[in-house]
Amino acid sequence: MAYFSRLFILILLLASLISSYCYANPIQDSFRQCLSINRHSLTQLPNIFFTPNSPSFTSVLNSTAQNLRCIASYAAKPELIFTPLHETHIQTAVICAKKLGIQLRFRSGGHDYEGASYTSVMDLPYVVIDLAKLRAIDVNIEDGSVWVEAGATIGELYYRVAEKSKTHGVPAGLCTSLGVGGHITGGAYGSMMRKYGLAADNALDAKIIDANGRILDRKAMGEDVFWAIRGGGGGSFGVIVSWKLKLVPVPETVTAFNVRRTLDQGATKILYRWQQVADKLDENLYIRVLIQNFNIPNTTQKTISTTYNALFLGDANTLQQIMKDNFPELGLTKDDCFEMSWLESVLFIAGYPRSVPTAVLLDGKPAFLNYFKAKSDFVTKPIPEEGLEGIWERYLEEESPLMIWNPYGGMMSRISESSIPFPHRNGILFKIQYVNSWMNPEKEVMNMHVDWIRKFYNYMGQYVSMSPRQAYVNYRDLDIGMNGDDDDTSFVKAASSWGTRYFKDNFNRLVKIKTEFDPDNFFKHEQSIPVLPLKSKTHRFKHVKKGRKGKKGGKVIHH
């Protein structure tokens with residue numbers, strides 16, 4: 001009788017969903033009812049469900065969203081936010097959503113540039129599963145690894161590792177408020193990338209929840225899926241619950257510097273020279289360039305500021321000699337160099353004043369919020385000085401544009417393009433991140449600033465990689481393409497636009513893995529990996545069902 005009672009309740013829930021236009025909150029009601037059927041305790045837990053009518057809904061939605069454009073009044077909002085406390089809660093949410101036909105979005109940090117983890121332009125009602133409460137970190141110095149849950153920030157991870165050892169680090173991101181879960185799915189570069197590669201290159205294991213609610217580790221998911229989630233982008237294959245990452249050695253003392261050069265200090269020629277040497281420097285040295293408008297003191301005029309922001313895994317004297325031999329044009333002096341611990345360098349590179357204690361990393365919050373639109377490019381040959389002058393001319397027409405040029409070379413050039421889905425390796429001199437930001441919430445203002453960065457991106461096309469014009473998946477840009485309304489059009493659109501830009505030849509392998517692992521395309525968003533077209537799906541479904549293990553009689557098997 002219990003089975004038939006559950007079946008009857010499920011039929012009622014499905015009927016409620018089908019009648020969604022006749023009821024006030026059908027998705028909220030059906031989802032919560034399903035969760036209560038599967039796990040009675042969930043509906044009794046306080047502060048775990050937030051609807052638009054909840055007093056805390058807006059604060060929870062905004063809590064880890066860095067881009068105010070994605071939470072503005074004109075942006076789509078979820079029907080419900082669910083904040084699980086345990087991985088079993090996520091399992092239940094996935095099972096219920098699949099039964100009820102509810103679209104889910106999964107958020108671990110919120111730096112998501114187009115907000116695909118918490119907003120949508122697909123015109124479908126959706127529920128957000130916010131993983132912010134899953135942030136356990138288990139550091140194991142003995143075996144040189146760390147397990148970290150998806151909702152923890154990179155800053156928290158760095159701090160907890162440094163608590164255990166001053167000579168171990170993690171080669172991951174520069175923005176300390178990044179949520180670990182989604183960050184690593186895109187590759188995850190940082191100031192040690194030229195020495196150790198990306199965080200995804202140093203991932204040892206992971207736990208993922210698939211579309212059937214199974215928790216799978218590396219062995220259970222298989223090497224193909226483990227390959228796909230390390231750089232194939234978030235939200236396509238399952239819910240990342242946690243990562244196991246390799247710890248890497250760092251010196252007790254590292255050196256960092258910030259050196260600004262403006263146009264009247266020779267910024268153009270210095271930057272041209274940086275392009276020629278940055279990827280060839282000692283792999284222990286990472287020098288990125290932040291390019292902004294700069295107000296000339298005591299005037300109303302603006303100029304261009306180029307700030308060289310660097311980390312050297314070594315002492316100041318050695319750094320100065322390397323710079324003197326390879327990049328004397330910058331004019332680095334002893335007074336520019338600051339020796340510190342690796343953990344302190346995390347704050348320095350992120351732009352914090354040196355007086356800020358490292359414990360601020362435990363706050364897990366961005367240093368600032370604004371409205372912004374971002375894009376990315378990869379450069380394979382130096383941009384000539386006349387090209388740089390064209391950049392300056394366009395820059396000075398806008399309020400607050402920003403470019404960050406990140407050097408490649410070193411380990412990044414020695415790892416194969418197909419090692420993980422992230423393909424931007426040998427031959428790349430540097431990556432450009434473009435960000436145009438503003439603070440006015442009006443949609444007309446947004447359109448004006450977005451239009452500027454689109455035109456600027458078009459100008460840059462002549463100086464960057466071509467066929468394809470490459471882009472970084474963690475800097476999602478919906479301008480370069482979105483999935484269609486059905487699986488067939490999604491595959492065609494992705495293959496001809498964003499798929500090859502983000503992943504080059506790895507895109508085809510990602511699609512094949514997606515088709516086998518998630519044939520119903522349950523995990524989807526505007527730029528999720530699509531499944532192969534419908535015509536071959538019948539055979540594929542049989543193959544997947546025949547080989548599928550771990551679920552029997554409606555019960556979830558834990559791996």
Side-chain angles (χ1 to χ4, degrees), residues 189 194 259-281 286-296 301-310 326-331 372-409 412-413 423-437 448-472 475 477 479-480 500-502 504:
Y189 77 90
R194 302 188 65 250
V259 174
R260 170 181 284 163
R261 295 291 181 258
T262 56
L263 293 185
D264 63 342
Q265 296 172 314
T268 303
K269 290 188 179 298
I270 295 171
L271 187 60
Y272 180 65
R273 179 60 181 163
W274 174 91
Q275 296 179 80
Q276 297 172 312
V277 302
D279 68 308
K280 303 173 184 68
L281 294 170
Y286 167 91
I287 309 176
R288 66 174 181 168
V289 190
L290 286 70
I291 305 172
Q292 299 168 285
N293 286 341
F294 179 69
N295 292 319
I296 300 174
Q301 296 179 308
K302 292 190 296 186
T303 186
I304 301 295
S305 163
T306 59
T307 301
Y308 294 80
N309 180 224
N326 298 277
F327 191 22
E329 292 82 0
L330 185 60
F372 70 86
K373 173 68 180 176
K375 292 179 175 291
S376 61
D377 263 318
F378 290 85
V379 180
T380 57
K381 57 184 179 180
I383 299 171
E385 288 187 34
E386 57 265 32
L388 298 178
E389 289 166 357
I391 291 174
W392 310 152
E393 180 181 339
R394 288 160 177 80
Y395 241 55
L396 294 172
E397 295 173 352
E398 183 60 343
E399 291 179 17
S400 302
L402 168 68
M403 281 193 293
I404 303 175
W405 292 14
N406 290 278
Y408 274 55
M412 293 298 292
S413 295
H424 320 290
R425 303 289 187 172
N426 191 34
I428 300 296
L429 301 182
F430 59 97
K431 175 175 79 251
I432 300 177
Q433 177 181 186
Y434 310 93
V435 182
N436 201 20
S437 60
M448 178 181 68
H449 292 297
V450 170
D451 182 61
W452 181 88
I453 196 171
R454 286 171 176 163
K455 290 178 178 177
F456 186 68
Y457 181 75
N458 289 339
Y459 166 77
M460 293 297 294
Q462 61 192 305
Y463 300 117
V464 298
S465 61
M466 301 178 186
S467 301
R469 182 176 182 177
Q470 299 173 49
Y472 179 40
Y475 298 154
D477 178 10
D479 287 352
I480 63 175
T500 51
R501 291 191 186 209
Y502 290 148
K504 298 179 70 174

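Residues Leu290 and Arg260 have side chains not in contact (no heavy-atom distance under 4.5 Å, counting atoms from C-beta outward). Side-chain contact between Thr268 and Ile270: absent, with no pair of heavy atoms (C-beta onward) separated by less than 4.5 Å. The shortest side-chain heavy-atom distance between Phe456 and Met403 falls under the 4.5 Å cut-off. With contacts defined as side-chain heavy-atom distances shorter than 4.5 Å, the pair Ile432/Lys375 does not qualify. At a threshold of 4.5 Å between non-hydrogen side-chain atoms, the residues Ile291 and Leu271 count as touching. By the 4.5 Å heavy-atom criterion applied to side chains, Lys373 and Asp479 are counted as neighbours. A heavy-atom distance below 4.5 Å is not found between the side chains of Trp405 and Lys431.
Counting non-hydrogen atoms of neighbouring residues, nucleotides and ligands closer than 6.0 angstrom, the NZ atom of Lys455 reaches no more than 12 such neighbours. More than 12 heavy-atom neighbours from other residues, nucleotides or ligands sit within 6.0 angstrom of NZ on Lys302.
Phe430 pairs with exactly one of Tyr286, Trp274, Phe378, Tyr472 by the ring-ring contact (aromatic ring centres under 6.0 Å, His included) rule, that one being Trp274.
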Go through the steps for Ile428 and Gln470 under the test side chain to side chain contact (heavy atoms under 4.5 Å, CB included), then give the verdict.
-> CA-CA 10 Å; Ile428 300 296; Gln470 299 173 49; 4.0 Å; yes

Criterion side chain to side chain contact (heavy atoms under 4.5 Å, CB included) on Trp452 and Tyr457, from CA distance to verdict = CA-CA 9 Å; Trp452 181 88; Tyr457 181 75; over 6 Å; no

Evaluate the criterion side chain to side chain contact (heavy atoms under 4.5 Å, CB included) for residue pair Gln301 and Asn295; output intermediate values, then yes/no.
-> CA-CA 6 Å; Gln301 296 179 308; Asn295 292 319; over 6 Å; no

Would you sort out whether Lys381 and Gln275 count as a side chain to side chain contact (heavy atoms under 4.5 Å, CB included), showing the intermediate values?
-> CA-CA 8 Å; Lys381 57 184 179 180; Gln275 296 179 80; over 6 Å; no

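Rounding to the nearest 0.5 Å places CG of Leu396 at 11.5 Å from CZ of Arg394. Ile383 CD1 to Gln462 CD: the interatomic distance, rounded to the nearest 0.5 Å, is 9.0 Å. In this structure, Leu429 CG and Lys280 NZ are separated by 6.0 Å, a value rounded to the nearest 0.5 Å.
For the residue pair Gln433 and Tyr475, the shortest heavy atom distance occurs at NE2-OH, 3.0 Å. Scanning both residues, Val435 and Ala374, for their nearest heavy atoms gives CG2-CB, 4.2 Å. Contact between Asn436 and Ile453 at its shortest, heavy atoms only, is N-CD1, 3.7 Å. Scanning both residues, Ala278 and Pro407, for their nearest heavy atoms gives CB-CB, 3.8 Å. The two residues Thr380 and Ser465 come nearest to each other via the heavy atoms CG2-CB, 4.3 Å. Contact detail for Tyr395 and Gln292: the closest heavy-atom pair is CE2-CA, 3.8 Å.
Checked against side chain to side chain contact (heavy atoms under 4.5 Å, CB included), Thr303 has the following partners two or more places apart in sequence or in another chain: Thr262, Leu263, Phe294, Ile296.
A donor-acceptor pair is defined here as one N or O able to donate and one able to accept, closer than 3.5 Å; no such pair exists between the side chain of Asn293 and the backbone of Ile304. With hydrogens and angles disregarded, a donor-acceptor distance shorter than 3.5 Å links the side chain of His424 to the backbone of Tyr502.
Between Tyr459 and Tyr463, the ring-plane angle classifies as perpendicular under the 30° and 60° cut-offs.
Defined by atom type and a distance below 3.5 Å, a donor-acceptor pair is missing between the side-chain atoms of Thr306 and Arg261. Side-chain contact check for Tyr434 and Asp377: at least one donor-acceptor pair (N or O, by modelled atom type) lies under 3.5 Å. With no hydrogens or angles considered, a side-chain donor-acceptor pair links Asn309 and Arg288 at under 3.5 Å.
Of the charged side-chain nitrogens involved, none lies within less than 4.0 Å of a carboxylate oxygen, so that Asp279 and Arg194 do not count as a salt-bridged pair. In this structure, Asp477 does not pair ionically with Arg501, as no charged nitrogen and carboxylate oxygen lie closer than 4.0 Å. A salt bridge is defined here as a Lys NZ or Arg NE, NH1 or NH2 lying under 4.0 Å from an Asp or Glu carboxylate O, and Glu329 with Lys269 fails to meet this definition.
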